[in-house]
Each structure stands twice: as structure tokens, then as C-alpha cells.
Amino acid sequence: MMVRAPAIAAGLIASAALCLAPLLLGAYHLSVLFQLLAFIALTQSWATFSGMTGYASLGYAAFYGLGAYVMALGWMVIPLWQLIPLAGLAACLLALAIGAVALRVRGPYFVILTLGISELVRYVVVAVEAKFGASGRVLFLVPDMSFLYFIMLALAAAATAITWWMGRSRIGAGLHAIREDETAAITIGVPTARIKTVAFALSAIIPGMVGAVWILRSTYFEPAQVFSPAMSFSIITMAVIGGSDKALGPIFGAAFVVLLSELLWARAPQLYMVVLGVLLICFVLFAPEGIYGRLRTAWVRTR
Amino acid sequence: MKRLIKRICQVVMAGLLLTSSAIAADSVKVGVGIAQTGFLAPTAEPILNAYKLWAKQLNDKGGLDVAGERRPIELVVYDDQSDFSKEAAIYEKLITDDKVDLLLSPYTTAAHLAVVGVLERYQFPMVGSTASSEQLKQIKPGNIWFPSPTMPSQIATEYAKLLKAQGVKSAAMAVLQTPYSLETAGLLRQTLKEQGIELLVDESYDFSTKDLTAIVSKIKASGAEAVIALTLPGDAILYMKAAREQDLLAPYQFLLIGPTGDWFQKMFGNDLDGILTAGHWSPAQAKWPKAKTFYDDYVAAYGMSPDYLDVVLSWISAEITEQAVAVAGLDKGKLREVISTHTFDTINGPIKFDGVQNATTPVMFLQLQGSTPQIVWPTDLATGQLKTKGPWAK
Amino acid sequence: MEQIASLQILLSALVLSSVYVLVALGLNLVYGTMRLLNVAHGDLMMLGGYVAYWSLVLLGIGTLGSMFGAAALGALLGFILYQFLLRRFLSNSRFAQRLESNSMIIFFGLSIIVQNLMSLAFTADPRSYNYMNGIVDLGHVRVEASRLVVLVVGVAAATSLVLFFRYSRLGLAARALIQQKDAAALVGIDANRINLIVFCLGFGLAGLAGALVSMTEAITPFGGFQYTIAAFVIIILGGLGNLWGGIVGGVLLAFIEIYGSALTSTAYRSIIVYGVFVAVLCLRPQGLLGKRIA
């Protein structure tokens, strides 16, 4: 990997800007940035597992939702600093349980099975909440937006770091091997079952924490909507558009979708969705490596 | 020559911009976030229509009365994509970015709860509408008020009374697993017991259920006199289909939410005769002269009758806002004081808030007679006589 | 307990099976031949529902007639999509590979487009109508005529399809294509023609299913997703690409849904459905009638 001074400088400036954002930006734009960071964190986590192994998971809503549930249950009872990691841990444990079942199948079976499990979790929580007599949970006295912003910034940074590290590590190489040809990988001795499970569980931690922080922002927990599969589909959209292979891909993907949303959603909501659909199709067919992949190819060509 | 034309265009544009911004500066910006896409869009659309009608009617009169001065209204609408977690951001945008003068409330209880924090932070008063939950009572008054009388505790208490007054001894309950229905169900279990009514069936189901045959069959087998189906419109359809198919003839059948919608009435027509539902309004109530006018205006504008719950509540919230601004102008502090203390003359009669709650309007029960909803409880506000459910049509 | 033996419940289960089977068959056909996961399937159903609605409201044609129109429109859409878009991509091997592995995302994009175009064109208001809702008294059981229609049409369609694939030349060719793509080409089967026909059939079935469903439910632009999820669960449960798998899966799911909740409590309906789904895939990862992949 070539070390590019301008790229590093750009990265440092961006990081500084992000840290100073609460001081520089108005409340609305800060919340847009907050949402962008959340999407980056989620998409990076998706890329960590699904991007690398080619096992597209539609079940991330379950991790995100569980994290939010932990926060909704524990708010005011357990200190925030313990709750967020607890949310991540819960999501990780759920991933281990789900992985034991889901990682045995491949391809479209895996995709739909993860969706099915995510829905199962959703309905279980709905039933549990109904039994508790809880009908939606309101969170009062939540922390300030700037405070939540920094937590989300940390999560996005951590997720990006994990994806970057995974890409260069041995376990990452193993995951790539699985994507290329799983049978061959098994033959040459890659411990596929183990690394799949580890990667899957690891990839759930950040989404769990993101869910916990997000629910503090929206202040209302309602299981049917928090566990909605729409979240899973959004993540895949951003991963595809941005490129799910390298750590910078999801950043581009999330940024693009958020930017597009800001430009169009306000004026023509249905049209915005149609444009998004068209873009999605075009990217998959014509630019499967995503925005970032394309940029890299262009960069390499100009040198 | 080209340059000259370009120059002229620039001047004209600048002129237009200046004059248009001059007009714009005069108008009152009213912001609202609502579902224009996603699964809530079908039921949210009539509400947005009500808001638009309100703005239009005022603009036709010269605008909103701002403490004596008429200023045109400009509605600023954003789509929350049926996702209440976007609501807080939208309302923050409306306040800080679009710098609206007034806010109208979003759709659903969840969306209301999501914006409470934002209203508190910016001390921006807003009259709520389609929110109904016991949890609302925990909210500090000052920036949001809830005109809806269909609170779960109210419904539970009053409906048990209604049944007792009819001499009902047994009931069966079917509950959709959604916050509003669950809250109401929990309270109903207590109030029914208090009124000496035995609950023979107590079943719940989730929102993806496509067939209520099993539950209705169980209810029919139990022979309960009163059926209480705590539904939303989607599953209310399933109940009607199943009840009709199995010829469920329990004399008192109650659907929590559904029958007040125009498309629901059109779908079932005379089959709805005798069905009871929760509400608090009717255009036929002569004590509220504005009610019929609103009803006629809405029908004339949109070709369908306004939903007696959601649309009416949204209109009321706009009415209250309008009347408060006429007295207090756009100053937030004054508005807060006026909304908290005045009595407002709305299409639903007089409304006065006590804390965050509507202290004047009682919960009412409507019964579809023919396919028109009539108020049947409380009896002093009734527009029709409560009767038992007759045989199903056809 | 006597509830379980009730004919009323049995009939409900059969009617639901009918809808599920129709939906699953359409999806399976497209997947079986071209390995494409049509996430927009439920939205195509809604489109079919709109055709039925507008036929009744504007032209006075009841669903018995308009359902053929709905199926035709679906098939036409499939035709256009295939001829003018998919064929070009499938012929280029690079695109074909991308299409297959990313079909879910591509059709998801299509789903968003269809949903929002419908919303723009028809507004989001729920559309419902009364048609054939007279009650038919069959002795121990009463049923709405429209639900009987759903059952009859569903059975007829499923039967015709099974017969078609079993006995007609086209059907046999399609099955050959499903089983062994390359070998089929060697034997002289025109893959393109078969793909086109099957694709149109699949889309047509979605339109038909939607028209039927519109008799009993309100149609909205965003209401298709729940059917898409159900359809996917069914075909995975039954075994991808396997026609009988789709039929078995559809009937099984409907019966589990109705009887499972009647036996325990309707509160657990979805938990039972998804629970069974997960359990089956645990024991048989290829689905009930699917072939083992590796």
C-alpha cells in the first residue's frame, strides 16, 4: 500500500473537522452528520462480515434493535458507560447464536434465513413487551446531542478501523478466500467455520452500540419499528453504492446516500426514492465496486 | 448584444427575487413533518390534506390573524418516511434551519413522543393531535398539549360503563400487539372486572396476521355478549370479514380504530351498521356548529369524508394554534400562556387544557348507523340512539 | 379443542394456502430458471391489485374478469423488463454474473421504484372494494364468495402449472433448463425463449395473486413487502427453484400459521411461523425439497 501524504493530510483535516463539528454546525446539520456517522458505523460493520465473505446478511436490524432494547430497558437504571458496551455485548451474543444456525447455509439461503431470524427476534421482542404490559418505552432526560454525537463519532471511527484492520489481517485473508471459493478454502485448510463465526460476532458489536445511541436520540422505543427490516436493506444499499471491499467504501456510500437524501427528500419524497432505486440498480450493474472502487481505479490510471 | 440581454436578465431576476423575498418575509411559516412515503402514508395523507385545507381557507381570507394583522401562511412539509425516529431531526430542522414561526404536529403517538425533546430544548410550543397514550401524562407541560380525549384510561373506564348500562354480563377481547391497543387492553381488564363483566376470551395477535378466523371462531363459541376488538384499520378489515363470514351475532361489537375512516366505510357499507368505535366527534352534533361546516368543506375539497379521529384532531390542533396566534401573536412565551389557559372554540366544541391534557372533551363512543357514525355515548352529547348489532347484511 | 376440528378453520387455512402457493410459484419460476431473486414480487402483486380496483371502479369489470387483465399486465411488464433490459445483461457474461449474485439488490431497487411510482400515480390512499362478498353457506361452513374464488383460482393455477411443466414440450424444456443450464443449451433448447416465457409467467402470477388479494384486503402502494417476505420464506422453506417445493411450502406455512396459532395462541403466530422456518433450515439447509448445494 502506497503511503500518500495528501491522503493522510486530508484524513487529518477531516478528523479535526469532525471533532469540531458541534461547535461549527447548526443543530440540524449536526444531526445530519450524526445520522451519517451512524450509517457509516453500520455499513462498515456490514462490510466487515458480509462484504468480505460475500455472505450478504439481511439480519443487522436484529443487532441494532437488540442494542436499542438493552438501552431502553436499562436507561436510568444502569449508567450510560456500562449500558453501551452491554448493548454491544448483547448483540455479539445474539450473533453467536444466530451464526450457529445461519452460517451453515450459503447464498440466497443465508440471505433469507438471516432475514427470517431477524423477523423472529422482532416478533419475540414484540410478544415479550406485550407480556410485560409495556406499550412502547419513552426515554426521558436523554443526553445532549453533542454528547451523543461524539459517541457516534467514536463508533464510526472504531468501525472503520475494524474494517481496515480486517482487510489486512490473516482472518481477513481467510474471509476473502471464502468469498472467492469456499470449498477451495476449506481444502487448503482455512478454518472457515471458525473465522466466519468470529467475524460475524465481531461485526455485530458496533451495530448493537449504534442502536443503543440512536434510541437515545429518538427517545422512543417501539419494537415493531426498531427491528424493521428496512434498516437492513438501507445498509446494503449504502454498501453497494459505496463499495464494500475497502474501509473507505462504506464512507462514500453512506455519504452519497445522505447527500442525495438531503438534496431530494425535502422537495420530492417519492421522486427521491425512485432516484435511489434507479441509482442502486445502476451501481450494481455498472459499478459493482462502488464509488470508492471506481475512484481508486481512476486514481491508479492517472498515475 | 448577448451581454446586454444577460445583463437585463440578471436585473430582472434580482428584482423578482427581491420582491418575492419581500412577499415571503411577510408570510407566516408553518412547519410539519408527516409520512408521505412508507406504510403510514395511506392514513397520513388525509391529515396533510386537512392541514393544506386549513392553510388554504385562511389564505383565501387574507391569511392568518397574527394579533390583529393578517399574514399569509406558508406550509413547510417534510416527509418522515413513516419512520418516527426521523421526526426529531425534522422538527429540529424546521426550527433551526427553516426558522418556522409555528409548528403543526406530526402523525402517530410515537412521532409526537419523538419531538417532545426537541420542543423542550428550543422552548417551542406546539399543539399536538394524533397522540393517545397514558405515557403522555408524564410529559412536562409547557411546550406540547394533547387534545385527544381517546386516552386508554378514558376508553377503558367509559366503555365498561357503557356495557354495564346495557346490562352486559360477558365480554370477549381481541388485542392487536401495538402500544395503543395493549395499553387499552390492560386497563379494560380492570374496568370490566370492576363493572362485573366477565372476560371469556382474551386473545392477542401481531400486526402481520392475515386472518382472524381462529379468534373470531373462539369468540363466537364463547357466546360473549360484547366483543371488544382493539384494532387498527388493517386488522379491523380482517375482523369484519371474519365476523361476517361466521355470522357473529354478539349484540355489542367494538372496533377500536377503523370505522371512522372514509375508505373503511365505503368498503363495508351497511355491514358496519351497529358497529361501535371510539371517537369524540360528529358533524351531526348541533352543539358544535363549526363541525358540519368543516365536514362539508372537506368533502367538497377532497371528495371523501374526513376521518372522525385523526383528521378531526389534526384540524382541531390547527384551529387552536390559529386562535392562540390571533390573541398572542407569534411570541412563544405569550403563545404558551394562551394555549395553557384559554378555552378554544373548535369544531369539537370548547377545549381547554389542564396541564398537557384536554380537560373539557370527554371520550365518546360512536356507532355506525347505516354507514354513518353517530355519537351514542355519553348520552348528553349523543346524536343517535345506541342499539344492538343486528344481523349482517346480505 | 373442538376448534381445531372446525371446518371453518380448515377453509381459512386452504384459502391462505392458495394465496401463498400462487405467490411462491411466481417467485420460484423466476429463480429456478434465471437465479434471480425478485424482491419486487409483492409490489407487482399490489400493481395487480390496482388493476383489479381500477377495472371495477372505472370499467365496472369485476375481479373474475380483471384478474386476467392483472395477470396480463404483469406478464407484459415481465416481457418488457426481460426483452429490453435483462436479455442484454444476460448475454454479456460479466453482467450476467453480477446480475445473479446481486439480483436481490437489483430487484430491491426495482421494488423501491415501483412502490413510489405507484404512490405518485395512485396516491397513498388505501383502495378497497366490495365484490363477490356474498356469503356462501356450505352447511357446516360459511364462506365469503370471494374467498372461494381465491381458493379455486389458486388450485386451478397451481394445477395448470404442474401439468404444464410435466407434459408440455415447453414445460419439459423449462425443467431441463432449471436442472442443467449448460446441458440444456447443448440439446438445442432455446434458453432465451424459455427464460422469457417463464419470466412472464412468474410476473403474471404475481399480478394474478395481487388481483385476488385485492378482493379481501385494501391495496396500498407500500403493502407488498409483507407478501414478498412471506414468498421468500416459502420458497426457501420448500427448496429454491423447486416447483413442488413452493406448493408444499405454501400449504405448510399457511397451515402452520392458522393451526399453530389456533392451538397455542394467536399471540405467537409469527414466532411459530419464523421459528418453524429457522428450525427446518437447521435440519435441512437446502429446504424441504431442495437439492443439497455442497
Side-chain angles (χ1 to χ4, degrees), chain A residues 25-35 38 68 119 122-145 211 214-226 228 230-231 234 261-262 264-274 276, chain B residues 34-41 76-98 108-118 120-122 133-136 138-140 152 175-186 204-208:
Chain A
L25 292 176
Y28 174 65
H29 291 100
L30 189 64
S31 77
V32 172
L33 199 52
F34 177 80
Q35 189 189 49
E119 289 286 274
R122 180 186 190 198
Y123 287 109
V124 166
V125 175
V126 168
V128 165
E129 284 285 272
K131 262 275 146 65
F132 273 151
S135 29
R137 293 173 186 269
V138 184
L139 285 79
F140 292 102
L141 301 176
V142 292
D144 193 39
M145 173 56 138
W214 188 273
I215 201 79
L216 284 175
R217 166 74 170 139
S218 57
T219 68
Y220 184 62
F221 175 82
E222 206 258 296
Q225 254 204 319
V226 175
S228 161
M231 165 66 71
S234 304
S261 158
E262 284 307 298
L264 282 183
W265 147 89
R267 258 148 265 180
Q270 289 99 345
L271 198 61
Y272 155 65
M273 295 299 282
V274 171
L276 198 64
Chain B
I34 200 161
Q36 291 176 293
T37 57
F39 73 98
L40 284 174
V76 182
V77 183
Y78 288 126
D79 175 26
D80 63 27
Q81 299 175 314
S82 299
D83 184 359
F84 63 78
S85 68
K86 293 193 163 67
E87 216 68 66
I90 289 180
Y91 275 74
E92 200 160 24
K93 174 173 169 53
L94 286 168
I95 296 174
T96 60
D97 207 33
D98 299 278
T108 71
T109 307
H112 280 76
L113 289 170
V115 302
V116 166
V118 172
E120 279 293 313
R121 188 174 315 140
Y122 295 97
S133 162
E134 294 304 302
Q135 300 192 65
L136 298 178
Q138 296 176 44
I139 296 179
K140 253 189 330 149
V175 188
L176 175 68
Q177 284 171 349
T178 198
Y180 187 46
S181 304
L182 287 169
E183 264 188 283
T184 313
S204 68
Y205 54 94
D206 67 50
F207 51 86
S208 63

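Below, chain A is the first sequence line, B the second, and so on; all start at residue 1.
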Heavy-atom contact with chain A under 4.5 Å, split by part of [X]:
X	value
Ile90(B)	side chain
Val77(B)	backbone
Phe84(B)	both
Tyr205(B)	neither
Glu87(B)	neither
Ser85(B)	both

Residues in side-chain contact (heavy atoms from CB on, under 4.5 Å) with Val32(A), at least two apart?
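If we apply the side-chain contact (heavy atoms from CB on, under 4.5 Å) test to Val32(A), skipping adjacent residues, the hits are Tyr28(A), Val258(A), Glu262(A).
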For Ser204(B), give me all partners under side-chain contact (heavy atoms from CB on, under 4.5 Å), at least two apart in sequence or on another chain.
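Ser204(B) satisfies side-chain contact (heavy atoms from CB on, under 4.5 Å) with Val175(B), Gln177(B), Ala267(C) only.
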Between atom CD1 of Ile139(B) and atom NE2 of His112(B), what is the distance when rounded to the nearest 0.5 Å?
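It is 9.5 Å, given to the nearest 0.5 Å.
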CZ-CD distance between Phe207(B) and Gln225(A), expressed to the nearest 0.5 angstrom:
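Nearest 0.5 Å value for the CZ-CD distance: 9.5 Å.
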Where do Ala224(A) and Val126(A) come nearest, in terms of heavy atoms and distance?
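Looking at all heavy atoms of both residues, the shortest contact is N-CG2, 4.0 Å.
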Among Trp214(A), Tyr272(A), Tyr123(A), residue most engaged with chain B (heavy-atom pairs, under 4.5 Å)
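Of Trp214(A), Tyr272(A), Tyr123(A), Tyr123(A) has the most heavy-atom pairs under 4.5 Å with chain B.
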Name the region of Gln35(A), side chain, backbone, both or neither, that has any atom closer than 4.5 Å to a heavy atom of chain B.
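Contact with chain B involves the side chain of Gln35(A) alone.
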Less than 4.5 Å to any heavy atom of chain B: does that hold for the side chain of Ser31(A), its backbone, both, or neither?
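When you check distances to chain B, only side chain atoms of Ser31(A) fall under 4.5 Å.
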